[in-house]
Amino acid sequence: MILDPQLARLAEWFAALQGRAGELLDQRLRGDCLGGLEQVALTLEQQIQPPLAPEEALVTLADDDNRHPLSRTRWRAVLEHEIRPAIHGARDTLTATAASFSEGMAAAGLLTDLARTVAEEPEIYFLERAAPDDGDDAPTEPEQIAVPLRRWLGEVFAEPVRGLVEELTRRAAALARDAAAELERIETVLDYHLFIVEDSREVDARDESAHTGLGHAIRLVRALSERTARGVRRLFEWFVAESSARMDDALAPLRTHRPDELLQQLEARAARSRASWLRAQRDRARLGALALYGRAAPVVRELAQDVRRTFTGEGPRVGYWDLLIAGENRAGSLPAIYRRLFGEVPLGLSDLYQHRLRLEAPCREVFQTWLAGQRVALLVTGDRGAGKRTLVNRVRAELHGELPVHWISMGPHLASEARLCAALCEATGAPYAGSFREFARTVPLIGGRRVLILENAEQLFVRTPEGLARMQAFLDLVRGTDEAILWVVLMAAPAATLLETCLRLPLYFGQVVHVPAESGRFIESMIRSRHRVSGFGLGFRERRAPALQRLRRPFTRADMLPDPGEEWFTDLERMCGGNLRQALDYWLLSARLDAKTQHDILVRPLPRRRGTALNDLSLPQRQVLVSLVQHGALTEGQLQEIVRTTAGGIGPEIDDLRRRHLVDQGGPGGFLTLRPTAVGPVTHDLRWRSMI
């Protein structure tokens with residue numbers, strides 16, 4: 001039968017709604033997201049094109065870098081100024097698209113149109129009943145039955161289609177997030193090939209590595225675009241098929257004029273929605289039991305813990321200390337802008353910097369002495385996270401551009417003498433030198449005085465005869481070039497303590513500044529100043545007294561208890577040992593956004609005792625941790641040479657440390673490092689055991 005004009009208009013509207021869903025996917029995924037991926041692919045293809053007029057003769061390394069389009073300097077410039085911006089732009093587009101779908105903003109118009117259209121349909125619709133096929137040729141007047149059309153469309157059509165739209169947005173968001181994650185992996189591939197290009201001295205090897213990296217990235221981006229386009233097409237086909245089935249189910253009784261079947265289905269739905277008396281009593285009993293368990297279980301658990309601690313005296317087995325070591329993301333519920341305030345300190349925000357006049361004065365004196373023409377060098381030591389980089393950055397910012405300053409952050413890829421010399425030559429513009437002695441001879445050719453800041457210098461030293469000789473050669477370089485170069489060396493305190501015994505570091509540096517652990521008052525001022533910039537309110541939850549104590553002293557007044565804020569910072573000073581980075585991590589672990597107000601930060605109490613994640617380690621495992629704390633990054637072979645274990649070697653011990661989330665391994669060369677969130681707790685624990 002032919003639909004009535006009103007139902008025909010409804011079918012036409014629904015076809016237009018499906019078309020709008022397809023246009024939404026085309027605009028957000030095919031247009032924006034795939035357009036960004038296409039731009040990345042075009043950028044990569046432009047860089048892999050051969051040069052128009054390559055030079056035939058190569059004279060020096062500098063000429064090599066300037067003439068070849070994929071040489072060391074050209075490759076880095078292309079990656080940083082052309083390829084990486086295109087990748088970041090496409091990834092930001094993918095992330096924004098995923099957020100718009102997951103938050104419901106993209107499909108809000110579809111849902112609104114769906115609800116409005118169903119609400120505008122008449123509440124009662126008179127449907128003619130189909131004439132029975134009984135063979136009687138006598139004409140009869142068609143019987144009209146009143147059916148609740150709006151209710152029928154709302155239950156049979158609108159609710160299922162609303163669920164399909166929500167599922168469509170969920171799948172589209174997942175598609176965009178997966179594409180963004182894959183694009184981030186492609187960027188990592190390009191970074192890996194950059195390290196190879198920077199490490200290679202031969203032109204052919206650099207060009208081959210650059211072409212390989214670009215070609216591999218192009219293939220990955222093209223495959224990602226095809227996979228994303230295929231996913232969008234399948235997603236739209238799924239939505240059209242499922243939603244059309246729901247529309248057919250809703251219009252079938254209306255199209256065939258079967259009002260009795262429509263009314264029967266509505267009555268059956270109403271009967272299923274009405275719960276029986278027995279089911280209502282069962283649900284009420286189940287909810288009451290769950291509520292009783294939710295109230296009684298914490299009290300029983302707390303009483304059991306208090307009784308056990310009363311007899312055994314042991315502390316909590318899992319605390320913030322262990323969660324910090326495991327690297328669990330406990331700050332995910334905080335706003336991103338709030339989390340950024342507790343990371344690096346921007347020099348432009350002077351309110352966030354806490355002055356340390358006792359440490360700034362000797363650093364400033366070194367710069368002034370060197371500017372006066374005298375020979376001097378500066379060594380800054382302290383634990384990782386103590387604030388060495390922030391201190392030097394603050395003093396350096398006071399130069400106001402008087403001197404060229406070069407900052408070199410050492411990592412495993414610069415731990416050898418040749419690689420560090422290459423980085424020094426590149427930073428200063430000196431001719432290539434393969435050793436510290438050669439670099440010292442090229443320093444007079446640089447012209448002009450400059451400042452070299454070397455961060456993470458402990459990675460240059462390994463506790464072996466070769467590592468000690470390399471460190472001695474570096475100290476000789478500092479001593480021989482401190483007239484033309486102001487050396488500012490940042491070194492972890494455990495390595496500096498060991499080298500001070502072996503090589504007598506103060507003989508090579510005119511000033512040694514040790515950054516100590518800070519007091520609780522300084523840490524509190526640092527955290528409160530950062531929090532004030534955020535604009536959020538601040539509150540501290542009161543520590544709940546143990547259940548046994550509440551039973552023994554039920555009438556203790558609340559105003560007799562210590563202030564929650566003062567108690568929290570007192571516990572923080574004890575737990576972090578004065579380490580600034582660890583104190584900020586503990587704050588992010590404890591802080592939560594108030595769900596009621598959405599503009600206040602609530603800080604939960606810290607535990608009384610630290611956890612026991614480091615208590616079950618063997619002596620070789622502790623020696624591995626000591627080596628990584630002292631040297632920063634080592635290979636398994638270097639650790640084997642330092643620790644010198646017998647039997648199966650050091651491999652099983654390292655595997656167990658990785659399972660405990662204390663050690664990470666990755667990057668070219670397979671260097672082992674401490675997990676960033678574990679550096680502070682491990683250093684504090686090893687120092688407490690007198691192992692460093």
Side-chain angles (χ1 to χ4, degrees), residues 315-331 334 338-345 352-354 356 358-359 381-391 492-494 497 514-531 538 540-541 543 562-592 601-615 625-626 628-629 661-662 674-692:
R317 299 195 60 81
V318 177
Y320 285 78
W321 189 287
D322 303 293
L323 297 179
L324 183 63
I325 291 177
E328 297 184 11
N329 184 16
R330 296 283 170 161
L334 293 173
Y338 189 84
R339 295 196 302 268
R340 288 185 59 185
L341 284 173
F342 295 88
E344 295 293 334
V345 180
L352 297 184
Y353 180 77
Q354 300 296 313
R356 308 164 87 174
R358 186 171 55 86
L359 301 177
T381 67
D383 291 336
R384 289 179 60 183
K388 303 186 296 296
R389 185 189 335 178
T390 305
L391 173 66
T497 303
H514 177 67
V515 181
E518 284 295 342
S519 63
R521 186 180 299 275
F522 181 91
I523 294 175
E524 181 177 0
S525 176
M526 175 189 68
I527 291 179
R528 288 187 182 274
S529 64
R530 295 183 181 222
H531 175 81
L538 179 62
F540 292 86
R541 290 183 179 176
R543 184 189 299 278
D563 179 76
E566 296 180 1
E567 185 181 18
W568 195 92
F569 283 106
T570 301
D571 294 337
L572 178 65
E573 180 183 11
R574 170 181 52 81
M575 291 188 63
C576 71
N579 187 279
L580 304 183
R581 178 68 265 171
Q582 190 180 353
L584 296 177
D585 288 336
Y586 278 135
W587 179 267
L588 291 179
L589 284 172
S590 306
R592 289 292 182 273
I601 298 295
L602 293 180
V603 184
R604 298 180 298 174
L606 290 170
R608 292 291 188 184
R609 300 184 181 91
R610 68 179 183 88
T612 58
L614 299 175
N615 291 350
L625 296 179
V626 167
L628 294 179
V629 167
H661 304 286
L662 296 175
L674 282 175
R675 180 163 290 195
T677 52
V679 173
V682 168
T683 304
H684 191 73
D685 185 85
L686 294 176
R687 185 172 284 122
W688 177 74
R689 299 176 189 275
S690 301
M691 297 190 70
I692 57 174

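- Applying the side-chain contact (heavy atoms from CB on, under 4.5 Å) test to Asn579 and every residue at least two apart in sequence or in another chain returns Asp383, Arg581, Gln582.
- Taking Glu518 as the reference, Arg356 meet the salt bridge (charged side-chain N to carboxylate O under 4.0 Å, His left out) condition, with sequence neighbours excluded.
- Residue Arg530 holds its CZ atom at 5.0 Å from CG of Leu584, rounded to the nearest 0.5 Å.
- Using bins of under 30°, 30° to 60° and over 60° for the plane-to-plane angle, the ring pair Trp587/Phe569 lands in the parallel bin.
- In this structure, the side chains of Asp571 and Arg574 come closer than 4.5 Å at one or more pairs of heavy atoms.
- We find the OG1-CG distance between Thr390 and Leu359 to be 12.0 Å, quoted to the nearest 0.5 Å.
- Rounding to the nearest 0.5 Å gives a distance of 7.5 Å between CE of Met526 and OG of Ser529.
- Arg604 places a side-chain N or O within donor-acceptor distance of the main-chain N or O of Leu589, the cut-off being under 3.5 Å.
- Of all the heavy atoms in Val629 and Pro494, the pair that sits closest is CG1-CG, 3.5 Å.
- The shortest distance between side-chain heavy atoms of Arg675 and Val682 does not fall below 4.5 Å.
- Residues Leu580 and Ala386 approach most closely at CD1-O, 3.4 Å, considering heavy atoms.
- Among all heavy-atom pairs drawn from Ala583 and Ile527, the shortest one is O-CD1, 4.2 Å.
- Remark: side-chain polar atoms of Thr570 are paired, donor with acceptor, to backbone N or O of Glu566 under 3.5 angstrom.
- When side chains are defined from C-beta on, His531 counts as touching Ile601, because their heavy atoms get closer than 4.5 Å.
- Closest non-hydrogen pair, Ser590 versus Trp568, comes out as OG-CZ2, 3.6 Å.
- In this structure Thr381 satisfies the side chain to side chain donor-acceptor pair (under 3.5 Å) test together with His514, sequence neighbours excluded.
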